[in-house]
Asks: 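Okay, here's the structure, questions in a sec.
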Amino acid sequence: MTTSKIRVRFAPSPTGPLHIGGVRTALFNYLFAKHNGGDFLLRIEDTDQSRYVPGAEAYIMEALDWCGIKIDEGPREGGPHAPYRQSERKELYSKYAQDLIDSGHAYYAFDTAEELDALRNLAESKGETFTYNNATRTGLNNSLTLPGNVCESLLYSGAPHVVRFKMPENLVVEETDIIRGHVQFNTDQLDDKVLFKSDGMPTYHLANVVDDHLMEITHVIRGEEWLPSVPLHILLYRAFGWESTMPQFSHLPLILKPVGKGKLSKRDGDQLGFPVFPLAWKDPETGDVSRGYREDGYLPDGFINMLSLLGWNPGTEQEIFSMEQLIDSFTLDRVGKSGSRFDPEKTKWFNHQYLIRHSDEELAGLFLPYLDSKGVKVPFPLVVRVTGLVKERCHFVNEIWDQGFFFFQAPESYDEKIVSKRWKDGVPEMMAEIAGFFANLHIWIAPEIKEPFSQFVTEKGWNFGTIMNSLRLCLVGGSYGPDIFDICEIIGQAETIERIEKAVHKLR
RNA sequence: GGUCUGUUCAUCUAAGGGUUAGGAUUCAAGAUUUUCAUUCUUGCCAUAGGGGUUCGAAUCCCCUACAGACUACCA
């Protein structure tokens, strides 16, 4: 253990949009770094050219930006260990692969992918599993079995080859994972992993270890799916002679799908009607669009708050956390070990909590694009006022429209259920009288409408409930919305009267 | 199949040997809102099963079951 500055990295591969599991991994890395006054780096692991997806890298950065996760060093930000894109560090890795061959920790292998596939199929047909390891490597085409001169001439002639790690025999590799505690593996169960591919690129395992070392990463915080490769990574650090500065490992529990079995996947969102991505994503090949939390009207701080509580808890009963508070409270020892099922309902609840905490101005600003898309152009102060009136009844920014569209345009239809319930005999006549009454009012602000109106209704001996509900139907087209007199005030005297007359006319 | 990891209300989780097993979401009921939503109150609901260790186990150990991850020249 060194006493150097805490440094962590989020190292996604740009094979598509980040999903919420990835965002959570990034978040926990970020929170851990900031809690300890350390650095958070973004490193793009694009060593598999065949899986490269255009736009994915930009997506990842935009998603982190939206979430409020700030990158200290990365491809865009630069930094002392640039470049931060593994494809741009390509030359570096072959040197390290060579070091391992020279020290006897790795070897060249000339077996083709087809040959290995055939071996796997053969083993499978016999109910066995083929593994490239100490038991089989002596019977395969590699620098351990081939005569030195044959091997050299193969390399010289440019024969395709990979570099494999020579997994030691019967060695117990132990490690203390910050989240999981003591874990151990026997190397006899492991295979000779490819470190360097025939296309000249390193695999994840090599690149990851080399870069983490070079970038002075102190803690590796990643998903549980990486736990099985921990022994390989430890052995690599040892082989390089870097064990004394090896990062500490933490393996985060998985995020499971809301219903059914297994970890959350892209498909779940489409089927169950909630986003699995922070931002909407358009697949460049198929053109399919997947929805995103941002586009669905979620607020980033609520989204982050929800994610933070998936697998982590503060040990207190506090549930609402700003990013600053999260940084303050976050420690890895309060991260659980078991997988968390994702709950879209609670996500909605969080969003509502954040929605009502946001200022009317801020929310109105976020709502503006939705208004635009409806072709509505109104003064901003009006949008602010309406937002303030309806935000408590919304879970999402876009619901401000559903809850308040009638402030901006007259209802075009009337909810039939409400019509049959409220539009009884005599009601049209009462409404017509009310329109006349409104026309004679001189002051048009909510309390000054309510007061005389109540008097008027009382004098007439009408049923207040019937009147209010029917009036609401006239003004908004249904049985929803905030206080009626607020609505009257905002839409104005003339419009109020007009809507009543229109309803009387149309609902005859 | 093998290796590894996990298992507390429907869901997220608290309780690091001693509590009526706590909170939150969902759901249900009531109150408020002469609408709807919000809000408030109340309620329902859990230690996977079996063995140990212990005066005492959700907590420590073992077995079983179930679940998951990994098992590629992918990350």
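Values below: all heavy atoms of this structure, side chains included; hydrogens, waters and symmetry mates excluded. In what follows, every chain begins at residue 1, and chains take the letters A, B, ... in the order their sequences are listed.
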Asks: Could you tell me which nucleotide pairs with B/U59 by Watson-Crick or G-U wobble geometry, both distances under 3.5 Å, or answer none if nothing does?
Replies: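 None - no nucleotide pairs with B/U59, as no candidate has both distances under 3.5 Å.
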Asks: How is A/P482 classified with respect to the nucleic acid when contacts are heavy atoms under 4.0 Å: base, sugar-phosphate, or nothing?
Replies: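 Touches a base.
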Asks: Under 4.0 Å between a side-chain N or O of A/R180 and OP1 or OP2 of B/G6?
Replies: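 Indeed not, no polar side-chain atom of A/R180 lies that close.
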Asks: Contact class for A/D111 vs. all strands (heavy atom < 4.0 Å): base, sugar-phosphate, or nothing?
Replies: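 Since a base atom lies under 4.0 Å of A/D111, the category is base.
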Asks: Taking for each residue the nucleotide of RNA chain B bearing the nearest heavy atom, is the 5' side occupied by A/L190 or by A/N313?
Replies: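 Residue closer to the 5' terminus by nearest nucleotide: A/L190.
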Asks: For the side chain of A/S340, counting heavy atoms from C-beta on, which of B/A75, B/A24, B/C12 is nearest?
Replies: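 Among B/A75, B/A24, B/C12, the one nearest the side chain of A/S340 is B/C12.
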Asks: Partner lookup for B/A46, please. Criteria are Watson-Crick or G-U wobble with both distances under 3.5 angstrom; report none if nothing qualifies.
Replies: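 B/A46 is unpaired by these criteria.
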Asks: In whole Å, what is the span from the NE2 atom of A/H19 to the P atom of B/A75?
Replies: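 Interatomic distance, NE2 of A/H19 to P of B/A75: 18 Å.
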Asks: Look at all strands and tell whether A/T129 reaches a base, only sugar-phosphate, or nothing, counting heavy atoms closer than 4.0 Å.
Replies: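 Answer is base: heavy atoms of A/T129 come under 4.0 Å of a base.
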Asks: A side-chain contact here means heavy atoms from C-beta on lying under 4.5 Å apart; do A/T466 and A/R422 qualify?
Replies: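 SC-SC contact between A/T466 and A/R422 ruled out.
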Asks: Please confirm whether the shortest side-chain N or O distance from A/K197 to OP1 or OP2 of B/C74 is below 4.0 Å.
Replies: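 Looking at the OP1 and OP2 atoms of B/C74, one of them is under 4.0 Å from a side-chain N or O of A/K197.
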Asks: Just to be sure I understand the geometry, which residues of residues 466-477 of chain A put a non-hydrogen atom under 4.0 Å away from RNA chain B?
Replies: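 Per residue number, the list reads A/M468, A/N469, A/R472.
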Asks: Contact class for A/G336 (heavy atom, under 4.0 Å): base, sugar-phosphate, or nothing?
Replies: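 Answer is nothing: A/G336 stays at 4.0 Å or more from every strand.
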Asks: Choosing from B/U25, B/C73, B/A69, which nucleotide comes nearest the side chain of A/A113?
Replies: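 The listed nucleotide nearest to A/A113's side chain is B/C73.
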Asks: Counting distance alone, no hydrogens or angles: does the base of B/C74 have a donor or acceptor under 3.5 Å from a partner atom on the side chain of A/R51?
Replies: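 Result: at least one qualifying N/O pair found.
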Asks: If you measure from the P atom in B/U7 to the same atom in B/A48, how many Å do you get, rounded?
Replies: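 Their P atoms lie roughly 9 Å apart.
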Asks: Carefully, step by step, assess A/F28 and A/W312 under the rule ring pair (Phe, Tyr, Trp, His ring centres under 6.0 Å).
Replies: CA-CA 9 Å; A/F28 282 14; A/W312 173 82; 7.3 Å; no
Asks: Under 4.0 Å: is that the gap between some side-chain N or O of A/T15 and OP1 or OP2 of B/C74?
Replies: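 The answer is no; no side-chain N or O of A/T15 sits under 4.0 Å from OP1 or OP2.
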Asks: What is the nucleic acid contact for A/G481, judged by heavy atoms within less than 4.0 Å: base, sugar-phosphate only, or nothing?
Replies: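 Base: the residue A/G481, judged by heavy atoms under 4.0 Å, touches a nucleobase.
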Asks: What's A/H352 touching, base or sugar-phosphate or nothing? Going by heavy atoms closer than 4.0 Å.
Replies: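 Contact class for A/H352: sugar-phosphate only.
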Asks: Indicate whether OP1 or OP2 belonging to B/A15 is found under 4.0 Å from a side-chain N or O atom of A/R334.
Replies: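 A/R334 to B/A15 OP1/OP2: side-chain N or O found under 4.0 Å.
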Asks: Could you measure between the two P atoms, the one in B/C9 and the one in B/C45, and give it in whole Å?
Replies: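 Here B/C9 and B/C45 have their P atoms 14 Å from each other.
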Asks: Taking the P atom in each of B/A21 and B/A15, what is the distance between them to the nearest angstrom?
Replies: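 These two P atoms come out 16 Å apart once rounded.
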Asks: Would you mind classifying the nucleic acid contact of A/V183 as base, sugar-phosphate or nothing, using non-hydrogen atoms under 4.0 angstrom?
Replies: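 Sugar-phosphate only.
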Asks: Round to a whole Å and report the spacing from NE2 of A/H205 to P of B/A72.
Replies: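 These atoms are roughly 10 Å apart.
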Asks: Pairing check on B/G6: which nucleotide meets the Watson-Crick or G-U wobble criteria with it, both distances under 3.5 Å?
Replies: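 Result: B/C66.
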Asks: Among B/G68, B/A75, B/C4, which is the nearest nucleotide to the side chain of A/L227?
Replies: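 So the side chain of A/L227 is nearest to B/C4.
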Asks: Would you call the rings of A/F485 and A/F453 parallel, tilted or perpendicular if under 30° counts as parallel and over 60° as perpendicular?
Replies: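 Rings of A/F485 and A/F453: perpendicular, as their planes differ by over 60°.
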Asks: Evaluate A/F249 against A/W226 for ring pair (Phe, Tyr, Trp, His ring centres under 6.0 Å), listing each step before the verdict.
Replies: CA-CA 10 Å; A/F249 294 101; A/W226 293 108; over 10 Å; no
Asks: Output yes when at least one side-chain N/O atom of A/T47 is less than 4.0 Å from OP1 or OP2 of B/A75, else no.
Replies: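 For B/A75, OP1/OP2 do have a side-chain N/O of A/T47 under 4.0 Å.
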Asks: If you measure from the Lys or Arg side-chain nitrogens to the Asp or Glu carboxylate oxygens, is any gap between A/K391 and A/D360 under 4.0 Å?
Replies: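 A salt bridge is present here (some side-chain N lies under 4.0 Å from a carboxylate O).
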Asks: Between B/G2 and B/C60, how far is it from one C1' atom to the other, in whole Å?
Replies: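 29 Å, rounded to whole Å.
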Asks: Would you kindly give the CD-to-P distance between A/E392 and B/A37, to the nearest whole Å?
Replies: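 Rounded to whole Å, this separation is 14 Å.
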Asks: As a test of reading the structure: which of B/U7, B/G23, B/U71 is closest to the side chain of A/S338, going by heavy atoms?
Replies: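 In terms of side-chain proximity for A/S338, the closest of B/U7, B/G23, B/U71 is B/U7.
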Asks: Could you tell me how far apart A/F185 (CZ) and B/U71 (P) are, to the nearest whole angstrom?
Replies: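 Result: 13 Å.
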Asks: What does A/V194 touch in the nucleic acid at a heavy-atom separation under 4.0 angstrom: a base, only the sugar-phosphate, or nothing?
Replies: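 Sugar-phosphate contact only - A/V194 comes under 4.0 Å of backbone atoms but never of a base.
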Asks: Tell me the interatomic distance from A/N186, atom CG, to B/U3, atom P, rounded to whole angstroms.
Replies: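 After rounding, the reported distance stands at 11 Å.
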Asks: Test the A/R334-A/F330 pair against the cation-pi criterion, namely NZ or CZ under 6.0 angstrom from the six-membered ring centroid and within 45° of the ring axis.
Replies: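 No, cation not above the ring by the 6.0 Å, 45° rule.
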Asks: Stepwise, does the side chain to side chain contact (heavy atoms under 4.5 Å, CB included) test hold for A/Q248 with A/H219?
Replies: CA-CA 5 Å; A/Q248 278 196 273; A/H219 297 262; 3.4 Å; yes
Asks: Mind checking if A/K348 touches a base, just sugar-phosphate, or nothing, with heavy atoms under 4.0 Å?
Replies: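 No contact.
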Asks: Could you give the distance separating B/A24 and B/G43 at their P atoms, to the nearest angstrom?
Replies: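 Pairwise P distance, B/G43 against B/A24, rounds to 12 Å.
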Asks: Given the P atoms of B/G18 and B/C61, what is the spacing between them in whole Å?
Replies: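 So the two P atoms sit 16 Å from each other.
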Asks: Which part of the nucleic acid does A/R222 contact within heavy-atom distance under 4.0 Å: base, sugar-phosphate only, or nothing?
Replies: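 Nothing: the residue A/R222, judged by heavy atoms under 4.0 Å, touches no strand.
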Asks: Once you round it to whole Å, what is the distance between C1' of B/U71 and CG of A/L232?
Replies: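 My rounded result for the distance is 12 Å.
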Asks: B/G16 and B/U59: how far apart are their P atoms, nearest whole angstrom?
Replies: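 Their P atoms lie roughly 12 Å apart.
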Asks: Apply the test side chain to side chain contact (heavy atoms under 4.5 Å, CB included) to residues A/L473 and A/L507: give CA-CA distance (whole Å), side-chain angles for both, the deciding distance (0.1 Å), then the verdict.
Replies: CA-CA 10 Å; A/L473 178 64; A/L507 291 175; 4.2 Å; yes
Asks: Give A/S198 one of three labels, base, sugar-phosphate or nothing, depending on what nucleic acid heavy atoms sit under 4.0 Å from its own.
Replies: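 It contacts base atoms.
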Asks: Does any nucleotide pair with B/U41 by Watson-Crick or G-U wobble geometry, both distances under 3.5 Å, and what is it?
Replies: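 Its partner is B/A29.
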Asks: Output yes when A/D343 and A/K346 qualify as a salt bridge under the 4.0 Å nitrogen-oxygen rule, no when they do not.
Replies: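 Not counted as a salt bridge, because no side-chain N and carboxylate O are separated by less than 4.0 Å.
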Asks: Taking NZ from A/K391 and P from B/U39, how many angstroms apart are they, rounded to a whole number?
Replies: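 About 13 Å, once rounded to whole Å.
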Asks: Atom CG of A/N133 and atom P of B/A72: how far apart are they, to the nearest Å?
Replies: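 Going from A/N133 (CG) to B/A72 (P), I get 11 Å.
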Asks: Test for a donor-acceptor pair under 3.5 Å between the base of B/A24 and the side chain of A/K346, counting only N and O atoms.
Replies: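 Pair found.
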Asks: Counting only side-chain heavy atoms from C-beta out, which of B/U11, B/A69, B/C73 sits nearest to A/R341?
Replies: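 Nearest to the side-chain atoms of A/R341, counting from C-beta on, is B/U11.
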Asks: With no hydrogens and no angle check, do the side chains of A/D211 and A/Y93 hold a donor and an acceptor under 3.5 Å apart?
Replies: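 Indeed, the side chains of A/D211 and A/Y93 share at least one donor-acceptor pair under 3.5 Å.
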Asks: Do the non-hydrogen side-chain atoms of A/I500 and A/V504 ever get within less than 4.5 Å of each other?
Replies: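 Yes. Closest side-chain heavy atoms under 4.5 Å.
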Asks: For the residue pair A/H233 and A/H205, categorise the inter-ring angle as parallel (less than 30°), tilted (30 to 60°) or perpendicular (more than 60°).
Replies: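 Ring orientation of A/H233 relative to A/H205: tilted.
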Asks: Between B/U19 and B/G6, how far apart are the P atoms? Round to whole Å, please.
Replies: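 Comparing P positions in B/G6 and B/U19 gives a spacing of 26 Å.
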Asks: Nearest nucleotide by nearest heavy atom, which residue falls closer to the 5' end of RNA chain B, A/G127 or A/V162?
Replies: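 Upstream on the strand: A/G127.
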